[in-house]
Amino acid sequence: MDADRKLLSQAEAVLRGNDVGEYTRPSPRLYPHQWNWDSAFIAIGWAHLDWSRAKREIDSLLAGQWVNGMLPHIRYDPAVRDYAPGPEWWPDVPVRRAGEITSGISQPPVFPTAAYVAGMLQPNARIRLEWWARVYEPLREAVLYYSCHRVTAGSPLIVVVHPWESGLDNSPRWDFVTGSGYRPSRPYRRVDTTIVGAALRPVERDYDLYMYLVELFASCGYDLQAYLPRTPFAVYDALFNAIWYRGAVDLNRIAAALGRPPVLTEAGLRAFRDAYHATLWDDASHLFRDYDCRAGRQIPVDGVAGLGAIYGGLVDARQAAVMFARYSARSRGYRLLPSVPPDRPEFEPARYWRGPVWVNTNWLVARGLEALGLRDEAQVLVDATLDLVRTAGWHEYFHASSGEGLGGDDFSWTAALVTDLLLRPLSQS
Ligand code: 2M8
């Protein structure tokens, strides 16, 4: 118990240290602006420690909303200078509020779920409903942005346009494009490798592709239909789509609490579930896979993203148990859950999203297992996660076999989600 108290006070110190008032930096030097899904995870942590601060985190994320409803992946802080790529790479972003400076892509939509979870952590129902009533419309537009502007060929699945948008930037699932020699027309600067060792970060050819796609998407006016015929990268990402689905369900819960009709109808959600299973399930690996929209086929690479459906509530308990057991068995001898199964040739135990363990993906899967009643499995994952942080500290990610802390220091979502795991223990049901 004392050990948990110590962990909690350290977590709070990390969040307070990264708090710049309106938003919380994901990591002080490496990521000094506001990131979309980071802020969602961070708000869940704040909701336990300082509820008004949680509200402010979501409010400031919503301040960067575009006219079409999109919530961008980065909301730049004009006071910060030493980050690349800066806003000059994202010209003419259609923000709603004058003075907002943002990137031109989005990120996995954890924010409706964060608004729901944070709201439920407010014991005063009047205060909770007042806040939900205020943020409901921007949240609704942000969720519907994807179903209106990010779909193609009659499928309800959402198209992700950039590896950064997936949140799992250099995942081997995207290697089918990074190897192809795409480069931007202009030189670009990297600051990440001046802060974190290059062996722990994406390689040059990854960044060449990232910057190429940034230029291309911006030149298409950030419009999917213009971009699709020209881009080598347009995917149905299994994790992103699962997170969207869960966000839509949680937004419907907020709507119900406010006495409003559901944002997504039951028929719409069912069609999405059916498409998700029909398009992304891979029976051999017992995982969901991603789908290359251009080539019209699944991407045959496994990763922790394939377990996202457990968090999404897109599978039943029986299927989730088998998926989790298989992934764990493939990871025997390693820390749970490696971002890439160690039996894959692309596995690199220390390099970013190519093998290391991350607290956010563990949290997503553990909360999903819990919701399905798979408490023992969820507990295994929660214990493994807390053990990593207790031993190694507040890092961005952890070496898949040694558990060593890697990447950015004082990492906010690590602190926020550990806070949530300690203060909202797994339910018994
Ligand atoms: C990482 O992404 C940024 C670019 O957006 C980077 O590598 O510089 C990813 O881990 C992403 O998921 C995360 O939101 C961001 C900030 O923590 O860092």
Side-chain angles (χ1 to χ4, degrees), residues 14-15 18 20 23-45 57 61 64 71-77 80 82-87 89-90 102-111 114 160-171 173-174 178 188-204 206-211 213-214 217 237 239-240 243 303-305 308 339-340 350-364 394-398 406-417:
V14 169
L15 288 178
N18 291 340
V20 288
Y23 73 96
T24 312
R25 294 171 298 190
S27 180
R29 288 178 59 225
L30 191 57
Y31 309 119
H33 301 284
Q34 179 169 27
W35 262 260
N36 183 328
W37 74 331
D38 295 70
S39 269
F41 293 127
I42 289 165
I44 292 173
E57 191 76 28
L61 182 63
L71 285 184
H73 105 292
I74 298 178
R75 183 169 168 257
Y76 287 102
D77 181 343
V80 172
D82 52 354
Y83 179 81
W89 285 88
W90 307 105
T102 74
S103 68
I105 53 172
S106 190
Q107 244 190 347
V110 180
F111 55 82
V160 162
V161 298
H162 195 291
W164 282 337
E165 198 165 61
S166 77
L168 275 58
D169 309 0
N170 70 339
S171 168
R173 291 141 61 227
W174 316 142
T178 30
Y188 62 88
R189 192 166 69 90
R190 281 183 74 171
V191 287
D192 59 323
T193 42
T194 66
I195 300 167
V196 169
L200 308 177
R201 292 285 306 175
V203 296
E204 283 320 304
D206 295 322
Y207 263 78
D208 285 347
L209 174 73
Y210 301 161
M211 301 315 292
L213 294 177
V214 166
F217 198 46
D237 172 336
L239 180 61
F240 191 110
I243 288 176
V304 72
S339 41
V340 173
R351 195 188 290 280
Y352 210 40
W353 290 104
R354 302 181 73 86
V357 175
W358 290 71
V359 169
N360 68 329
T361 43
N362 277 8
W363 181 89
L364 293 169
W394 302 97
H395 295 273
E396 186 181 9
Y397 44 94
F398 299 85
L406 304 169
D409 299 331
D410 290 339
F411 199 66
S412 292
W413 82 39
T414 303
L417 297 177

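Values below: all heavy atoms of this structure, side chains included; hydrogens, waters and symmetry mates excluded. First listed ligand is number 1; within each ligand, the first listed atom is number 1. The shown structure was predicted, so the numbers you read here are calculated from the model rather than taken from an experiment.
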For [X], counting its heavy atoms only, list the atoms of ligand 1 lying under 4.0 Å from any of them.
X    : result
R201 : 6 (C), 7 (O), 8 (O)
W164 : 4 (C)
Q107 : 11 (C), 12 (O), 13 (C), 14 (O)
P26  : 17 (O)
W37  : 11 (C), 12 (O), 13 (C), 14 (O)

Exercise for the section: Taking the six-membered ring of Y31 (Phe, Tyr or Trp), confirm whether the NZ or CZ of R25 is under 6.0 Å from its centre and within 45° of its axis. Expected result: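 R25 over Y31 ring: no.
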
Handout entry: Nearest protein heavy atom with distance in Å, relative to atom 17 (O) of ligand 1
Key = D38 OD2, 2.7 Å

Exercise for the section: Name the closest protein heavy atom to atom 10 (O) of ligand 1, giving the residue it belongs to and the distance to 0.1 Å. Expected result: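 Ranking protein heavy atoms by distance from atom 10 (O) of ligand 1, first comes W353 NE1, 3.0 Å.
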
Handout entry: Polar contact flag, side-chain donor to acceptor under 3.5 angstrom, S166-W174
Key = yes

Exercise for the section: Verify the distance criterion only: is there a donor paired with an acceptor across the side chains of Y210 and D169 at less than 3.5 Å? Expected result: no

Please determine if [X] has a nitrogen or oxygen closer than 3.5 Å to a nitrogen or oxygen of ligand 1.
X    : answer
E396 : no
G167 : yes
H73  : yes
D169 : yes

Fill in the blank from the handout: Logged contact type for L30 with ligand 1, heavy-atom cut-off 4.0 Å, is neither

Handout entry: Residue part near ligand 1, for Y210, under 4.0 Å between non-hydrogen atoms
Key =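 Y210 to ligand 1: no contact under 4.0 Å from either part.
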
Handout entry: Closest candidate by heavy atom, reference atom 1 (C) of ligand 1, pool Y83, F411, Y352
Key =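 It is Y352 that holds the nearest heavy atom.
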
Handout entry: Derivation of the side chain to side chain contact (heavy atoms under 4.5 Å, CB included) call for E396 and W358
Key = CA-CA 7 Å; E396 186 181 9; W358 290 71; 3.6 Å; yes

Exercise for the section: Sort out for me which residue in S106, S103, P72 forms a side chain to side chain contact (heavy atoms under 4.5 Å, CB included) with N36. Expected result: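 The residue from S106, S103, P72 that satisfies side chain to side chain contact (heavy atoms under 4.5 Å, CB included) with N36 turns out to be S106.
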
Exercise for the section: Measure from the ring center of W35 to the ring center of Y83 and say whether it is less than 6.0 Å. Expected result: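 Yes, close enough.
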
Practice task
Please check if the distance between the ring centroids of H395 and F411 is under 6.0 Å.
Solution key: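 Ring-ring flag for H395/F411: false, centres at least 6.0 Å apart.
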
Handout entry: D237 bridged to R173 by N-O distance under 4.0 Å
Key =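 Salt bridge: yes.
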
Exercise for the section: List the steps and the verdict of side chain to side chain contact (heavy atoms under 4.5 Å, CB included) for S412 and L15. Expected result: CA-CA 6 Å; S412 292; L15 288 178; 4.0 Å; yes

